[in-house]
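Please read the structure below before turning to the comments.
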2 protein chains.
Amino acid sequence: MQTPEPLGGARPTSRDVARAAGVSQATVSLVLGGKWRGRVSERTAGAVREAARELGYRPNLAARNLRLGRTRTALLVVPALTNEFFAHVHTGAAAAAARHGFGVVLYPSPDGVGPARDPFASAQAALDGVIASSMATDALDAFRGTDLPLVMLDSDPAGTGAAAHVNLDVADGMRRVTGHLLGLGHRRFLHLASAAPSWTFDVRADALARELRGTDVRTVRSPLNVADAREAAERALTDSGPRPTAVVCDDDILAAGVYKAARRLGLRVPEDLSVTGFDDMTLATVVEPGLTTVRLPAEEFGRRGMEALLAVLAGEPPRPETLPVALVPRGSSGPAPAA
Amino acid sequence: MQTPEPLGGARPTSRDVARAAGVSQATVSLVLGGKWRGRVSERTAGAVREAARELGYRPNLAARNLRLGRTRTALLVVPALTNEFFAHVHTGAAAAAARHGFGVVLYPSPDGVGPARDPFASAQAALDGVIASSMATDALDAFRGTDLPLVMLDSDPAGTGAAAHVNLDVADGMRRVTGHLLGLGHRRFLHLASAAPSWTFDVRADALARELRGTDVRTVRSPLNVADAREAAERALTDSGPRPTAVVCDDDILAAGVYKAARRLGLRVPEDLSVTGFDDMTLATVVEPGLTTVRLPAEEFGRRGMEALLAVLAGEPPRPETLPVALVPRGSSGPAPAA
DNA sequence: CCCCCGAGGTTTTACGTATAACGTGCGACG
DNA sequence: CGTCGCACGTTATACGTAAAACCTCGGGGG
């Protein structure tokens, strides 16, 4: 009342609130921090809250972070948000973070536009911890030498210096895919694998090899985009030797490339060629026929990653987790063509 | 050398570096801040840098932010990153930010999982400014009363309290679409519009109405997902009256729904029904036939938004921009069926 | 009557950084 | 020969918050 809100002035500080409420800055901090029970009278607390509201007071996060030595901010390191899967991972992580008063900041992928030599330069926020996907290990090197707690998403528990791990059971996913196709009579396979190196793809390849032992399996690698995948698939389906009757893809986007290749070659899906994907993104329901694929719980994945990090920060022992996946049969997989 | 790096110790501060280099903390700050020319000798500067490297010194961002009163961090407010368009916007904004030593933090969408009542609670980082999409105006309300500089992406320059605007020329995009379809002989249209309220969709609707004056146009609204779009389209295509020969969609994802509806109804695209989208996301190249759509420069959009914010922060006058868009004709649009 | 205690605050300090203000020698110049 | 100024640093301070340590006053027990 005495001093009306300064018009062009800067943001009010806790001291301004204190002045307005006729108390000391410490009292403001106690009341607004919620630790005033038994230390400040109800009446005074009310006055402080009123003054804070009146002035539109917002605590200065930089000052708070400095004082407390922590920021309630986690860094999420993923290859690219334009990959729908990681967009969902982010959504889950951000939601879990928000529930605990945490924020999430993204580490821009190195294959993204900006070079961003120094990871901390782009992640301006001071950090409490890091969550990283196994598909972004190169970016992760930048964090060696940092004592930040690290949670790895889908990576080999051995070797990484991570404090905790959350994995997707992609081996089981691949087993379900191969089981499904074997049951449909397929014996000649093409494995369209991701060219990007990552533990998760190694696991898929191992599981596939183990399950399809004794059958005819060829492997081709492609970057994760439709054009390259189409080209790789077209080449593999036209070269010498008996043509595979099923193509198992490491990712839905690769499967979309196979659809394109099949159309060019005059092959019908699934009558002439069965196709399976991995991830179950929007894409899988949009293509015709719908894509048989493995549904990964992306949001849950991000959520668990964040919860694991919060647990580590709280000093709780890391409890390794592996999330189940599910086969989603759609129209792209059918009986193997007779001979 | 004297004091080896403390093993379980905390992060070294600039004072630790100063001690190790035998200088004062101020000198460390000067050298590492790059403002030492003419103030510190080459030899001393080298010693400081050496000591910093030795100790693995990282400046405390919270302290720096507090001291400088700014954070070099911007908030990006978008509906959902799982929408590929906004993932690209983020990529562009983050890249431009990184080039200027800025970081980007995302405001989790309100329709996302976490409620996140207080926007600043989830955006833990202190902020220098806000970039917001017109499709997230509801979330924006939370920032009223904040004196943070605001840049609006694709919104009406009038009315918003934004310091700058960057727009996409979606009216021109819609004109190109309608011109394309009119040229192919179409005279009966269905406009599958977004149910989400946003200036950008109003502009599209206005442009469409203006260009198609004198023809038969019906409008149906749908949320931005395949299932709802299919249902809406199927209903609109089967109700009474002469069937439209072309469906103009506000978004590629809606167009994917139309594909599904057409298949159900036994209509061929484009022979019986032409379909157009908007955005040109991955989806547009994956469907069969390829989707005729309007390409929006999403990454550039985000880049310009961030650059506009940086300009505002630098005190430069806001220069309104409108980015051009392009029609991408693919297989989904063909001549209107005879009669 | 004195001492202690609890309620209800206040004073003070520290977090780590950037920078304004302030020395301090030494060579040069009037 | 005084002193001016430059090269090279140092000392001191402020940013806004949280919280430990401290004060003050009134009442109750010994």
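Here is how names work: the chains are called A, B, and so on, in the same order as the sequence lines, proteins then strands, and each is numbered from 1.
Between A:Arg15 atom CZ and D:dA14 atom P there is a gap of 11 Å when expressed in whole angstrom units. Put simply, CZ on A:Arg37 is 15 Å from P on C:dA7, counting in whole angstrom units. If you measure from atom CZ of B:Arg64 to atom C1' of C:dC15, you get 16 Å, rounded to the nearest angstrom. A straight line from CG of A:Asp16 to P of D:dG16 spans 9 Å, rounded to a whole angstrom. Separating the CH2 atom of A:Trp36 from the P atom of C:dA7 is a distance of 14 Å, rounded to the nearest angstrom. Rounded to whole angstrom, the span from the CZ atom of A:Arg58 across to the C1' atom of D:dT17 amounts to 16 Å. One can place CG of A:Asn65 at 18 Å from P of D:dC15, the figure rounded to the nearest angstrom. Here the P atom of nucleotide D:dG16 and the CG atom of A:Asn60 are 7 Å apart, to the nearest Å.
In this view, A:Asp128 and A:Thr71 satisfy the side-chain hydrogen bond (donor to acceptor under 3.5 Å, both in side chains) rule, not counting sequence neighbours. Not counting sequence neighbours, the partners of A:Arg53 by the side-chain hydrogen bond (donor to acceptor under 3.5 Å, both in side chains) test are A:Glu50. Considering only residues two or more places apart in sequence or on other chains, A:Glu316 meets the salt bridge (Lys or Arg N to Asp or Glu O under 4.0 Å) condition with none of them.
Nucleic acid contact for A:Thr13: sugar-phosphate only, since backbone atoms but no base atoms lie under 4.0 Å from a heavy atom of the residue. In this structure, A:Leu68 reaches the sugar-phosphate backbone alone: every heavy-atom distance under 4.0 Å involves primed, P, OP1 or OP2 atoms, never a base.
B:Asp154 is not listed as a side-chain neighbour of B:Val166, based on a closest heavy-atom distance of 4.5 Å or more.
Checking the phosphate oxygens (OP1, OP2) of D:dT17, a side-chain nitrogen or oxygen of A:Ser14 falls inside 4.0 Å.
Comparing C:dT19, D:dT17, C:dT17 against the side chain of B:Ala26 picks out C:dT19 as the nearest. Taking every side-chain heavy atom of B:Ser29 into account, C:dT19 is the closest of C:dG16, D:dT17, C:dT19. Considering only the side chain of B:Lys35, C:dT19 comes nearest among D:dT17, C:dT17, C:dT19.
Within the structure, side chain to side chain donor-acceptor pair (under 3.5 Å) contacts touching residues 29-42 of chain B (residues at least two apart or in different chains) are B:Ser41-B:Thr44. Among residue pairs with one or both ends in residues 83-93 of chain B, none qualify as salt bridge (Lys or Arg N to Asp or Glu O under 4.0 Å); sequence neighbours excluded.
Using modelled atom types and a 3.5 Å distance limit, the side chains of A:Ser198 and A:Ser134 yield a donor-acceptor pair.
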Close N or O pairs between protein and nucleotides 7-9 of chain D (under 3.5 Å):
from	atom 1	to	atom 2	distance (Å)
D:dG9	OP1	B:Thr44	OG1	3.0
D:dG9	OP2	B:Ser41	N	2.7
D:dG9	OP2	B:Ser41	OG	2.7
D:dG9	OP2	B:Thr44	OG1	2.9
D:dG9	O6	B:Arg39	NH1	2.9

